[in-house]
Student: 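Handing you a structure now.
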Amino acid sequence: LEIPENPIIPIIHGDGIGKDVGPAAQKVLEAAANATGRDIAWMRVYAGESGREKYDENLPDDTVNAIDEHRVAIKGPLTTPVGAGFRSLNVALRQTLDFYSNVRPTYYLDGVPSPMKAPEEMDMVTFRENTEDVYAGIEWEAGTDEVEQVREFVEEEMGFDDVMHDGPIGIGIKPITEFGSKRLVRKAIDYAIEHDRDKVTLVGKGNIMKFTEGQFTEWGMEVAEEEYPDEEVFAAPDSLWETQDEIDIPEDAVMVESRLADAMLQWMQLRTDEFSVLAMPNLNGDYLSDAAGAQIGGLGIAPGANFGDARVLAEPVHGSAPKRAGQDMANPTALILSGRLMFDYMGWKDTADLVRDAVEETISSGKVTYDLERQIEGGEKLGTTEYAETIVE
Ligand code: NAD
């Protein structure tokens, strides 16, 4: 990504624990930039609670425009107020600026407690489609006229008259497009090529949801077959596992294969080292990346970033954890490592590496926040601010 030498980076600290981890992460990221001879001009922008305070709006235009203009941004978590018809601000932001892929790397940091036998084998990157699927928000509430109209249409016009029970019903639509599937899979394959990874696994439940998740996989395979030379990308046939010996797989090619989503959750835990890059529809990606995150230390350290064409919005996997908010106790690592992804995308490799090394060194010395301290023998519990200062040091 081409960015100015001293870029302006919009930052949303976020709601709940965002107020703790936002400033802490900002300090660490700035220190890493400075230590590698770079400067960041931060631009505080507001959304959620801070948006309501300053602008009387959840997602002010100034915030959306700043992220749109500067193309590189980072955000903490935003609370989704509970109430009928309220759409998540996070989803709204991703859709408004067409951040169509959500990328979550899952890798082991030395010293982090894990329930796995060999956590160091975990080194996966999930690409989750970010705009479609049941998250598109096309659904109707039980008891409304709209839902009854949809029911009537589905039962009478489309002939599914024996599927839905009488009485109240909620209905949602699961749109999966060729356009959305292909651009996501393309991003995953390009990432695998650029980062020397050997495999991209498409994850869907196509045996049941043939025309949505099944199509996702078929369209993804088309990208692998039609858009890259054979020696660069090898589209594995379904029969690969029975006939492996007879198929000539080009030595350095990225293999693109597909797995069923339910089985994948099992394989991910039993044969961690067999997977590298995963690409999947929205809901599968949400579940699978949280489960993967739990295996390498949990939400406190799981980073992520949303990518569009030539833009990135880094954001951790976790939410605003209201019970922990304002107590200087939450773990800023997830947001810090999300910043590392942002630096990586900006081409600031040495800054990105420094962030990871400093985090790893701090954790492996036993200095951690409360969420990890409970699990590490002899661990020393630090508050959010002190932990961040230790990383900076
Ligand atoms: P959550 O991720 O906020 O918290 C779940 C639990 O995980 C917390 O109670 C806490 O014990 C732990 N945890 C999470 N992050 C931590 C950290 N950095 N350090 C230490 N412990 C941490 O999930 P939730 O409680 O389901 O959601 C709370 C709110 O956040 C909801 O309004 C939800 O909509 C929102 N949310 C926002 C995002 C986002 O901004 N992208 C993502 C998920 C949830």
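Note that ligands are numbered from 1 as they come in the structure, with each ligand's atoms numbered from 1 the same way. Since the model is a prediction, treat every value here as computed from it, not as a measurement.
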Student: Is Arg186 positioned over the aromatic face of Phe127, cation under 6.0 angstrom from the ring centre and no more than 45 degrees off axis?
Tutor: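 The answer is no; the distance or angle limit is not met.
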
Student: Could Arg197 and Tyr191 be counted as a cation-pi pair, given that NZ or CZ must be under 6.0 Å from the ring centre and within 45° of the axis?
Tutor: no

Student: Distances under 3.5 Å, N/O of ligand 1 against N/O of the protein: list each pair and its distance.
Tutor:
unit_1: ligand 1; atom_1: 2 (O); unit_2: Gly319; atom_2: N; d: 2.7
unit_1: ligand 1; atom_1: 3 (O); unit_2: Gly319; atom_2: N; d: 3.4
unit_1: ligand 1; atom_1: 3 (O); unit_2: Gly319; atom_2: O; d: 3.4
unit_1: ligand 1; atom_1: 3 (O); unit_2: Ser320; atom_2: N; d: 3.1
unit_1: ligand 1; atom_1: 3 (O); unit_2: Ala321; atom_2: N; d: 2.7
unit_1: ligand 1; atom_1: 18 (N); unit_2: His318; atom_2: NE2; d: 3.4
unit_1: ligand 1; atom_1: 18 (N); unit_2: Asn331; atom_2: O; d: 2.9
unit_1: ligand 1; atom_1: 19 (N); unit_2: Asn331; atom_2: N; d: 2.9
unit_1: ligand 1; atom_1: 21 (N); unit_2: Tyr370; atom_2: OH; d: 3.0
unit_1: ligand 1; atom_1: 30 (O); unit_2: Ser320; atom_2: N; d: 3.0
unit_1: ligand 1; atom_1: 30 (O); unit_2: Ser320; atom_2: OG; d: 3.2
unit_1: ligand 1; atom_1: 32 (O); unit_2: Thr80; atom_2: N; d: 3.0
unit_1: ligand 1; atom_1: 34 (O); unit_2: Thr80; atom_2: OG1; d: 3.2
unit_1: ligand 1; atom_1: 40 (O); unit_2: Leu78; atom_2: N; d: 2.9
unit_1: ligand 1; atom_1: 40 (O); unit_2: Asn90; atom_2: OD1; d: 3.0
unit_1: ligand 1; atom_1: 40 (O); unit_2: Asn90; atom_2: ND2; d: 3.1
unit_1: ligand 1; atom_1: 41 (N); unit_2: Glu315; atom_2: OE1; d: 2.9

Student: Only one of Arg259, Lys174, Lys205 passes salt bridge (charged side-chain N to carboxylate O under 4.0 Å, His left out) with Glu213; say which it is.
Tutor: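 Between Glu213 and the candidates, salt bridge (charged side-chain N to carboxylate O under 4.0 Å, His left out) is satisfied uniquely by Lys174.
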
Student: Between Asp98 and Arg311, is the closest basic N to carboxylate O distance under 4.0 Å?
Tutor: no

Student: Less than 4.0 Å between a side-chain N and a carboxylate O, is that true for Glu148 and Arg151?
Tutor: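 Yes, this pair counts.
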
Student: Ignoring hydrogens and geometry, is there a side-chain-to-backbone donor-acceptor pair from Asp123 to Tyr107 under 3.5 Å?
Tutor: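 No, the answer is negative, given that no donor and acceptor are paired below the 3.5 Å cut-off.
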
